[in-house]
Amino acid sequence: MLELLRQPWPWYTSGAVIALVMVLLLFFGKSFGVSSNLRTICAACGAGKNVAFFDFNWRSQVWNLLFIVGAILGGVIASQFLSTGEAVQISPATIEDLNQLGISAPAGMQPAELFSLEALFTVKGFLILLLGGFAIGFGARYAGGCTSGHAISGLSNLQLPSLIAVVGFFIGGLFTTFVLLPLFF
Amino acid sequence: MKGLKFILAGILFGIVMSKSEAISWFRIQEMFRFQSFHMYGIIGTAVVLGTLATFLIKKYKLRDYQGNPIVFTPKEKAVSRYLIGGIIFGLGWALTGACPGPMFVNIGHGYWAIVLAIGGAIAGTYTYGVIKDRLPH
C-alpha cells in the first residue's frame with residue numbers, strides 16, 4: 001500500500017482528492033481559496049492601519065492560515081515519507097523545449113536553474129521569483145481569486161467571471177512561456 | 001481543537017499537490033506548452049466532480065457540520081478585473097511555476113527559494129490594496 005502511495009499519483013486520483021478538499025471545506029462552513037491568505041497576512045501585519053482594503057477582521061480568516069500550515073506539512077510528509085525521489089516524468093517534447101532555453105531535464109520537482117540557492121543569488125534568478133511572485137499576488141487579488149478560488153471553486157459553481165479569469169490566467173501564462181521566458185533565458 | 005480539521009484538510013491538499021506533481025515548475029511548463037494532458041486531467045477531474053458536488057449540495061440544500069446552510073456567493077459581474085487581473089496572475093504563474101497553494105507546499109519540500117516568491121506575492125497583494133481604487137474593475 002505504502003509502495004503504491006509513494007509512486008506519483010495519476011491525474012484522476014489527484015483531481016478527485018482536490019474536489020474532496022473543496023467539499024470538505026464547504027462542509028466545514030468555509031470556501032476553498034488560497035490566495036485570500038495573502039491579504040489576511042497583510043492585514044495581520046497591520047496593513048489595515050494605512051490601507052482600507054486590509055482593514056477587516058482578519059481573525060475570522062485564521063482557519064485559512066491553518067489550511068496553508070497544513071499544506072506545508074503535507075509537503076513535508078509527501079517529500080519525506082511518500083516519495084521515491086525520482087524526477088518528474090514530463091513529456092520528452094517539454095524536456096527538449098526547455099533544453100533549448102538552457103534548462104536541464106528534471107532531476108527532482110523543480111529546476112535547479114530557478115530554485116537552487118545559487119540561482120536565487122543571481123540577478124536573473126532573484127528577479128524571476130520576486131517579480132513572478134509579485135504578479136501572482138497582485139493579479140490574484142485584482143481578479144478576486146487564484147487557481148483554487150476561480151478555476152476549481154468558481155468553475156464548479158458555473159461562474160462566468162471565473163471562466164473569464166481562467167482565460168486570463170492562460171493568456172498571461174502563454175505570454176510568459178512563449179515570449180518572456182525566451183527573453184530571460 | 002477547532003482548527004485541527006483545517007490543518008488536516010491542508011495536509012491532504014499538500015500531499016495531493018505533491019503526489020500529482022502539480023507543485024512542479026516543469027508540470028506547469030508542460031501544461032502551457034500543451035505537451036501533456038496531465039495538468040488538464042487534474043483540473044478537469046476536480047472541476048467535473050466539484051460541479052457535481054456543488055449541484056448536489058444546492059439541490060438537496062445540504063448544511064455544514066454546524067447545521068448552517070451552505071451558501072455559494074455569486075461572483076460580481078464584471079469583465080476587466082477578471083481579465084486583466086487574470087492575465088497578470090498568469091504571467092507570474094508561468095514564471096514561478098507555482099500558484100498560491102503550491103507555493104506553500106514547496107516550502108515543505110525544502111525549496112526555500114520559493115519564500116522569495118511568497119514575499120513577492122505578499123508585496124503584490126499589498127500593492128493591489130494600495131492602488132485598487134485607481135484600477136478598472
Side-chain angles (χ1 to χ4, degrees), chain A residues 9 11-12 14-15 17-19 21 23-24 29 34-35 38 42 51 53 63 66-68 70-76 78-79 88 90-91 93-94 106 109 115 120 129-130 132-143 146-147 155-157 159 161 164-165 168-169 171-173 176-177, chain B residues 3 6-7 9-11 13-16 18-21 24-26 30 32 35-36 38 41-42 45-47 49-51 53-54 64 70 72 75 82-83 85-96 99-101 104-105 107-109 111 113 116-117 120-122 124-126 128-129:
Chain A
W9 297 0
W11 52 262
Y12 43 88
S14 306
V17 176
I18 293 169
V21 168
V23 171
L24 274 178
V34 181
S35 67
L38 299 166
C42 288
V51 184
F53 183 64
W63 70 269
L66 292 176
F67 181 82
I68 53 172
I72 296 172
L73 292 175
V76 173
S79 64
V88 181
I90 55 169
S91 84
T94 311
M109 280 281 186
F115 288 86
L120 187 64
L129 287 181
L130 184 68
F134 188 92
I136 289 170
F138 187 91
R141 221 51 290 121
Y142 195 173
C146 61
T147 338
L155 290 185
S156 290
N157 192 24
Q159 293 291 300
I164 300 171
F169 296 169
I171 295 172
T176 291
T177 299
Chain B
F6 298 110
I7 297 180
I11 289 176
F13 176 75
I15 290 176
V16 75
S18 303
K19 292 313 298 172
S20 62
E21 300 172 338
S24 168
W25 186 90
F26 290 110
E30 190 186 47
F32 280 127
Q35 288 165 334
S36 164
H38 188 84
I42 293 176
T45 310
V47 170
L49 293 175
T51 305
T54 305
D64 66 21
I70 294 175
F72 296 91
K75 310 271 182 198
Y82 299 112
L83 195 59
I87 290 172
I88 296 171
F89 176 86
L91 291 172
W93 187 14
L95 259 188
T96 63
C99 40
F104 291 99
V105 182
I107 296 180
H109 283 256
Y111 286 110
L116 177 63
I122 293 170
T125 303
Y126 181 77
Y128 171 76

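Reminder, nothing fancy here: chain letters follow the sequence lines and each chain counts from 1.
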Visitor: Sequence neighbours left out, what passes side-chain contact (heavy atoms from CB on, under 4.5 Å) with I68(A)? Give chain and number order.
Guide: V34(A), N37(A), L65(A), F104(B)
Visitor: For chain A, which candidate among I87(B), D64(B), L83(B), V47(B) shows the most heavy-atom pairs at distances under 4.5 Å?
Guide: I87(B)
Visitor: Among G92(B), C99(B), S36(B), who wins on heavy-atom pairs under 4.5 Å with chain A?
Guide: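 When all of G92(B), C99(B), S36(B) are compared, G92(B) has the most.
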Visitor: Report which part of L24(A) has an atom under 4.5 Å of a heavy atom belonging to chain B: side chain, backbone, both, or neither.
Guide: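 Only the side chain of L24(A) comes within 4.5 Å of chain B.
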Visitor: Does atom CZ of F72(B) have more than 12 heavy-atom neighbours from other groups under 6.0 Å away?
Guide: yes
Visitor: Most heavy-atom pairs under 4.5 angstrom with chain B, which of P161(A), G29(A), S79(A)?
Guide: P161(A)
Visitor: What heavy-atom pair brings Q159(A) and K75(B) nearest, and what distance separates the two atoms?
Guide: OE1-N, 2.8 Å
Visitor: With a 4.5 Å cut-off on heavy-atom pairs, point out which of V23(A), I18(A), I164(A), I171(A) contacts chain B the most.
Guide: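 The residue among V23(A), I18(A), I164(A), I171(A) with the greatest pair count is I164(A).
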Visitor: Nearest 0.5 Å please: distance from the CZ atom of F115(A) over to the CG atom of L116(B).
Guide: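 Rounded to the nearest 0.5 Å, the CZ-CG separation comes out at 10.0 Å.
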Visitor: Tell me, out of G168(A), G139(A), G132(A), S156(A), who's got the most heavy-atom pairs with chain B below 4.5 Å.
Guide: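 Answer, by heavy-atom pair count under 4.5 Å with chain B: S156(A).
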Visitor: Checking heavy atoms, do the side chain of V21(A), its backbone, both or neither come under 4.5 Å from chain B?
Guide: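 For V21(A), the side chain is the part near chain B, not the backbone.
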Visitor: Check the orientation of F13(B) and F67(A). Use parallel for under 30°, tilted for 30 to 60°, and perpendicular for over 60°.
Guide: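 F13(B) vs F67(A) ring planes: tilted.
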Visitor: Any side-chain heavy atom of S35(A) sitting closer than 4.5 Å to one from R141(A)?
Guide: yes
Visitor: Hey, does the side chain of H38(B) reach the backbone of S20(B) with a donor-acceptor pair shorter than 3.5 angstrom?
Guide: yes
Visitor: Heavy-atom pairs under 4.5 Å with chain B are the metric here; pick the option from A71(A), A140(A), C146(A) that has the most.
Guide: A71(A)
Visitor: Which bit of I70(B) comes within less than 4.5 Å of chain A, counting heavy atoms only: side chain, backbone, both or neither?
Guide: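 For I70(B), the side chain is the part near chain A, not the backbone.
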Visitor: Mind checking what makes ring-ring contact (aromatic ring centres under 6.0 Å, His included) contact with F53(A), not counting sequence neighbours?
Guide: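 By the ring-ring contact (aromatic ring centres under 6.0 Å, His included) rule, F53(A) matches Y128(B).
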Visitor: Can you say whether L120(A) sits under 4.5 Å from chain B via the side chain, the backbone, both, or neither, judging by heavy atoms?
Guide: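 When you check distances to chain B, only side chain atoms of L120(A) fall under 4.5 Å.
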Visitor: For Y126(B), is it the side chain, the backbone, both or neither that has a heavy atom under 4.5 Å from a heavy atom of chain A?
Guide: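 Interface part for Y126(B): both.
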Visitor: Quick one: which of I122(B), L91(B), T96(B) has the most heavy-atom pairs under 4.5 Å with chain A, could you say?
Guide: L91(B)
